[in-house]
Amino acid sequence: MVLLDIDYVTVDELPVIRLFGKDKSGGNEPIIAHDGSFRPYIYAIPTDLDECLGELEELELEKLEVEEMRDLGRPTEVIRIEFKHPQDVPKIRNRIRDLESVRDIREHDIPFYRRYLIDKSIVPMEELEFQGVEVDSAPSVTTDVRTVEVTGRVQSTGSGAHGLDILSFDIEVRNPHGMPDPEKDEIVMIGVAGNMGYESVISTAGDHLDFVEVVEDERELLERFAEIVIDKKPDILVGYNSDNFDFPYITRRAAILGAELDLGWDGSRIRTMRRGFANATAIKGTVHVDLYPVMRRYMNLDRYTLERVYQELFGEEKIDLPGDRLWEYWDRDELRDELFRYSLDDVVATHRIAEKILPLNLELTRLVGQPLFDISRMATGQQAEWFLVRKAYQYGELVPNKPSQSDFSRRRGRRAVGGYVKEPEKGLHENIVQFDFRSLYPSIIISKNISPDTLTDDEESECYVAPEYGYRFLKSPRGFVPSVIGEILSERVRIKEEMKGSDDPMERKILNVQQEALKRLANTMYGVYGYSRFRWYSMECAEAITAWGRDYIKKTIKTAEEFGFHTVYADTDGFYATYRG
DNA sequence: ATCACGCGGGG
DNA sequence: GTGTACGCGTGAT
């Protein structure tokens, strides 16, 4: 099956991982696989091993094991402490940290389902194979969900999921007094658009329009929407700002009207989680993607309204009606059809954006190895971090802890000096030659071995020494981050080669998105060194990278000028010049 | 310069 | 849920 989502439940006081997938070759059947074989754990770094083992014995923990790992490259003996339940970790970790013989605890802040994916080398949005036996299905409105108990091996096959079913939706509200208030303003339309040209607006009016499906009242409107989602069984349900608007609104209206909206495969309800400044809405089994945070990351605009994003992406205007007057379009017969067309246009636009943008996010999901639900809501720095957490496991490296509040405030505000910029010379320049470095920063990280684990004070060892700052980076062994970026770039080269050798336009398209995702990830790696919440934060690394960058471009410009070129503009990794002989 | 505050998207 | 989280522009001081 294709693995779409993951979580865990507690059965008889023990955690059971649930893998939500679809059998793409077997009629798109939803499957929930239960795996009760995995247990949470953390690491303790002891000051004295035997003493520490002794102290830990007294806490009556599930299991203790001594392991040899590396902590920023340094060989380190750690104690792996297993727990019965993920919830035990926050309960007990402070007591462990405070033990006399414990220098530090690690990997105590990694969500259980993420730990599972990493340790089992399982990748969402790839085919998943496992051995299991059928068990009784969970009660569900989705009647045909199969439940399987995992009895043996579980593994990702490496083949990506393509042809996923996407369903987009969008609601319209009648709000005559300011912003919509779910306590009193009814939902009058829900637009839905699916893969195979399925486009429809559900409403209590508009029966003369061919794309409108008429229902009796608002409650039926909500239930019909739920029915369509269940019936269409999309892999991904997409909205625009649906985390913060559509879903919370629908949920509240459903509660007021007593509508059944148990869309989860396990019969669970739509859940909106408060996440600091933003919400995230989840439906068990179906991956809900809110395109708004995705688009904010994907492009750099002054505003991110659906209209603006659509226009930028496709160069076309979509129907735009004034939000504060939509209720008039509903109330006045002669304007109502326009509102219907607006509703349809919104959901179709959302769908088009989804079709264009999701392939990249699916590749990032596979690369980072965390669920699409999470990836679509993560800042790029977070994506890079979870990618590295997975790599750290593979490399036997201990993951650094998340920065504490004091680390964070100390780091915040410090900023590495940026790239070299020569302001453009005014005027019209002819016969311009352009020069730029390919992947300048990733290349510098690799060639100068810039990594927190190679940064050293040691004057004796052979080092690369950063210009301006004099920071020293060991020439060997190869650092953790440079190794990982090296992997990313060589994978990208391999994929580009494969692209050259392919005539199949479909295959080329897929490969192109893959290399694009790798490029983005590689380029993110440089920036995160200076990102204050990053586990591998290092201002020295961030500063060294840009210092070498400035050094390279200035030297290149100087050389070009010796050959008779004149630079009219330069920025970070490239410059424009005229030839003067 | 420094800090508190509020906003984004949605109708 | 191994929870509780952004980043920037604005106006006031």
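Sequence lines set the chain letters: A, B, ... in the order given, protein chains first and strands last, and positions in each chain run from 1.
We find that CG of L306(A) is positioned 7 Å from P of dG11(B), with the value rounded to whole Å. Taking atom CD1 of residue I353(A) and atom C1' of nucleotide dG9(B), one finds them 12 Å apart after rounding to whole Å. Atoms CZ (R252(A)) and C1' (dG11(B)) sit 18 Å apart, rounded to a whole Å. One atom, CG of D88(A), and another, C1' of dG1(C), lie 13 Å apart when rounded to the nearest Å. Across the protein-nucleic acid pair, N279(A) atom CG and dC6(C) atom P stand 14 Å apart, rounded to whole Å. What separates CZ of R274(A) from C1' of dG3(C) is a distance of 15 Å, to the nearest Å. dG11(B) atom P lies 18 Å from atom NZ of K184(A), rounded to whole Å. Regarding R106(A), its CZ atom lies at a distance of 20 Å from the P atom of dT2(C), rounded to whole Å.
Residue contacts for F247(A): at a heavy-atom cut-off of 4.0 Å it reaches no nucleic acid atom on any strand shown. Residue I110(A) is classed as a base contact, given a heavy-atom separation below 4.0 Å to a base. Base contact: D324(A) has a heavy atom under 4.0 Å from a base atom. Residue contacts shown for D109(A) include a base, since a base heavy atom lies under 4.0 Å away. Residue Y43(A) is classed as having no contact, given no heavy-atom separation below 4.0 Å to the nucleic acid. If you check every strand for non-hydrogen atoms under 4.0 Å, P90(A) touches sugar and phosphate atoms only. Using a 4.0 Å heavy-atom cutoff across all strands shown, Y304(A) reaches sugar-phosphate atoms only and no base atom. Heavy atoms of Y8(A) sit under 4.0 angstrom from primed sugar atoms or phosphate atoms, though from no base atom. When heavy atoms are screened at a 4.0 angstrom cut-off, D181(A) is found touching no nucleic acid atom at all. L321(A) comes within 4.0 angstrom of nothing in the nucleic acid, heavy atoms only.
Comparing the P positions of dG9(B) and dG9(C) gives a spacing of 13 Å, expressed to the nearest Å. Look at the C1' atom in both dG8(B) and dA5(C): the space between them is 16 Å, to the nearest Å.
With contacts defined as side-chain heavy-atom distances shorter than 4.5 Å, the pair D324(A)/P322(A) qualifies.
Contact check, Y113(A) against dT2(C): no side-chain N or O comes under 4.0 Å of OP1 or OP2. Residue R303(A) places at least one side-chain N or O closer than 4.0 Å to OP1 or OP2 of dG9(B). Listed pair Y329(A) / dG11(B) fails the phosphate criterion, with no side-chain N or O lying under 4.0 Å from OP1 or OP2. Contact between the side-chain N/O atoms of R93(A) and the OP1/OP2 oxygens of dG3(C) is found at a separation under 4.0 Å.
Closest to the side chain of R275(A), out of dA5(C), dG11(B), dT2(C), is dA5(C). Taking every side-chain heavy atom of P180(A) into account, dG11(B) is the closest of dG1(C), dG11(B), dG8(B). Among the nucleotides dT2(C), dG9(B), dC8(C), the one closest to any side-chain atom of R415(A) is dC8(C). Closest to the side chain of R115(A), out of dA5(C), dT2(C), dG11(B), is dT2(C). The nucleotide whose nearest atom lies closest to any side-chain atom of Y292(A) is, among dG8(B), dG11(B), dG1(C), dG8(B).
There is no side-chain donor-acceptor pair under 3.5 Å between Y43(A) and D104(A). Y310(A) and R352(A) share a donor-acceptor pair across their side chains, judged by distance under 3.5 Å alone. Under the 3.5 Å distance criterion, with hydrogens and angles disregarded, no donor-acceptor pair is assigned to the side chains of R18(A) and Y113(A).
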Please test R39(A) against E82(A) for salt bridge (charged side-chain N to carboxylate O under 4.0 Å, His left out), starting from the C-alpha separation and ending with a verdict. CA-CA 7 Å; R39(A) 293 288 174 271; E82(A) 201 170 283; 5.4 Å; no
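Classification of R253(A) and D185(A) as a salt-bridged pair fails, no side-chain N sitting under 4.0 Å from a carboxylate O.
Between the side chain of Q87(A) and the base of dG1(C), at least one donor-acceptor pair of N or O atoms lies under 3.5 Å.
Residue ring and nucleobase are not stacked for F83(A) and dT2(C) under a centre distance beneath 5.5 angstrom and an angle between planes beneath 30°.
Taking for each of F277(A) and G178(A) the nucleotide of DNA chain B with the nearest heavy atom, the 5'-most of the two is the partner of F277(A).
Cation-pi contact between K232(A) and Y198(A): present, with separation from the ring centre below 6.0 Å and deviation from the ring axis of at most 45°.
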